[in-house]
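Both ligands and their constituent atoms are indexed starting at 1 by order of listing. Being a predicted model, the structure only gives us computed values, none of them experimental.
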Amino acid sequence: MTKPSVLLTRRWPAAVEEKLGAQYDLHLNRAARPLSAEEFREALQHYDAVLPTVTDKIGRESLDVPKAHTKIFANYGVGYSHIDVEAAKSHGIAVTNTPDVLSECTADLAMMLLLMVARRAGDGEREVRSGQWDGWRPSHLMGTKVSGKTLGIVGFGRIGREVARRAHCGFGMEIVVYNRSPVPPADLAAVNARAAPTLDALLPDCDFVSLHCPGGAGAARMIDSRRLGLMRPGAFLINTARGEIVDEAALAQALMFETIGGAALDVFEREPAINPMLVQCENLVMLPHMGSATREARLAMGLRVLDNLNDFFEGKSPRDRVVCTETRT
Ligand code: DGY
């Protein structure tokens with residue numbers, strides 16, 4: 001029996017590429033850049049499976065083919081707002097993602113950002129590296145205490161829960177949650193959290209707000225100037241979810257006029273382009289989308305894709321099949 005053909009749109013950890021190569025007719029995009037829409041359309045005519053990442057913008061343009069040969073997009077990552085799921089569905093293409101295996105590492109990074117922005121770690125690092133540090137003094141680089149403060153978690157999925165656990169158990173923070181669907185009381189009780197009825201009700205109650213909801217058109221610019229205005233003066237915004245959730249121009253304004261205390265971003269509206277207004281904000285920490293960037297998580301993500309592929313080509317329903325898609329098997 002011929003092996004299904006599989007295209008990796010970016011290079012993956014070597015151990016996973018090796019395993020994929022042993023089981024599938026593996027093809028690699030050896031260029032250090034994402035495929036263009038044209039290259040993607042071509043891939044759809046040839047490969048049984050395409051394994052994309054967040055850097056592949058799989059919208060109508062990339063899917064504009066009369067008939068796709070590809071049967072599955074097995075995405076390397078948990079978020080899939082870069083894939084037009086409805087358009088994929090109309091081609092009969094299944095979509096899977098990689099939840100769970102990156103939740104802890106992404107939550108670690110969210111806590112790291114929270115601490116960095118509150119304790120001015122970016123300012124301190126820049127000062128030391130530039131040779132500007134002139135020694136200890138009582139008023140030097142004073143930040144904001146984290147322990148015991150109130151943290152608002154927007155989106156209480158796997159990553160949001162891991163952040164809540166770290167913040168509550170490690171830092172004694174009080175947790176307030178806003179989630180689209182009701183959260184079971186036991187899940188709130190696990191971190192002594194209370195649920196806010198709306199996002200607008202959560203924002204004025206928190207010293208820190210961390211975003212963990214899915215991206216996509218429905219969440220676009222959910223944190224806009226009005227909502228930034230609802231945050232406490234001195235509060236901090238952390239985004240490790242998706243760039244489109246935050247209106248970056250409005251955030252830059254809030255940071256420049258110091259209507260909030262600061263922000264920390266791992267994701268951006270037009271990655272890898274950075275809004276030049278943001279670069280001017282000293283009270284902002286920025287990282288290059290590295291929430292899941294540990295050897296352990298990136299390996300586990302790859303293995304999870306492999307599980308999904310194996311299930312799919314064995315005619316089973318992959319465990320991480322994304323809602324609203326159907327397979328042809
Ligand atoms: C994820 O898993 O969603 C990461 O942001 C990379 O796509």
Side-chain angles (χ1 to χ4, degrees), residues 7-13 16-17 29 32-35 40 49-59 62 72-85 88 95-114 153-163 210-220 222-223 238-246 248 264-274 285-309 318-325:
L7 173 70
L8 258 62
T9 65
R10 305 302 296 264
R11 299 306 301 270
W12 288 17
V16 190
E17 288 188 355
N29 169 20
R33 58 162 179 81
L35 301 180
F40 202 89
V50 175
L51 277 42
T53 72
V54 66
T55 55
D56 296 297
K57 304 299 167 215
I58 313 179
S62 298
I72 180 169
F73 293 149
N75 186 56
Y76 183 84
V78 64
Y80 52 88
S81 58
H82 53 287
I83 304 176
D84 184 333
V85 171
V95 181
T96 59
N97 68 344
T98 60
D100 304 320
V101 290
L102 46 68
S103 304
E104 290 182 318
C105 290
T106 306
D108 290 349
L109 188 112
M111 280 310 295
M112 182 179 93
L113 281 176
L114 185 156
I153 305 255
V154 179
F156 206 52
R158 299 168 183 88
I159 299 171
R161 282 164 212 236
E162 287 294 335
V163 173
S210 192
L211 305 176
H212 301 288
C213 49
M222 193 173 86
I223 303 294
I238 298 53
N239 188 9
T240 52
R242 281 294 180 263
E244 64 264 21
I245 300 170
V246 176
E248 288 180 351
L265 306 175
D266 185 47
V267 287
F268 300 86
E269 276 189 298
R270 282 174 293 278
E271 292 177 19
I274 302 293
V285 174
M286 293 187 281
L287 293 180
H289 200 148
M290 50 193 274
S292 63
T294 63
R295 281 183 292 280
E296 293 86 344
R298 292 282 164 88
L299 174 66
M301 287 159 70
L303 297 178
R304 190 84 173 218
V305 172
L306 186 61
D307 285 350
N308 285 321
L309 273 187
R319 69 195 284 198
D320 304 318
R321 188 197 285 200
V322 163
V323 279
C324 300
T325 58

Mind listing the closest non-hydrogen atom pair of [X] and [Y] along with its distance?
X: I83; Y: P52; result: CD1-CG, 4.3 Å
X: S292; Y: L102; result: CB-CB, 3.8 Å
X: G243; Y: N239; result: CA-ND2, 4.2 Å
X: R304; Y: V101; result: NH1-CG1, 4.0 Å
X: P13; Y: L299; result: CG-N, 4.4 Å
X: R158; Y: S103; result: CB-OG, 3.4 Å

Which protein non-hydrogen atom lies closest to atom 1 (C) of ligand 1, naming both residue and atom, and how far is it?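 I find the closest protein heavy atom is V78 N, 3.4 Å.
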Subset of ligand 1 atoms that lie under 4.0 Å from at least one heavy atom of [X]:
X: G77; result: 1 (C), 2 (O)
X: V54; result: 7 (O)
X: G79; result: 1 (C), 2 (O), 3 (O)

Any H82 heavy atom less than 4.0 Å from ligand 1: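 Judged by the 4.0 Å heavy-atom criterion, H82 does not count as contacting ligand 1.
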Part of L102 with heavy atoms under 4.0 Å of ligand 1, whether side chain, backbone, both or neither: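 L102 to ligand 1: side-chain contact only, backbone stays beyond 4.0 Å.
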Sub-3.5 Å N/O-N/O distance, R242 and ligand 1: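 Yes.
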Quick test of your reading of the structure: of H289, M290, M301, R298, whose heavy atom lies closest to atom 6 (C) of ligand 1?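 Heavy atom nearest to atom 6 (C) of ligand 1 belongs to H289.
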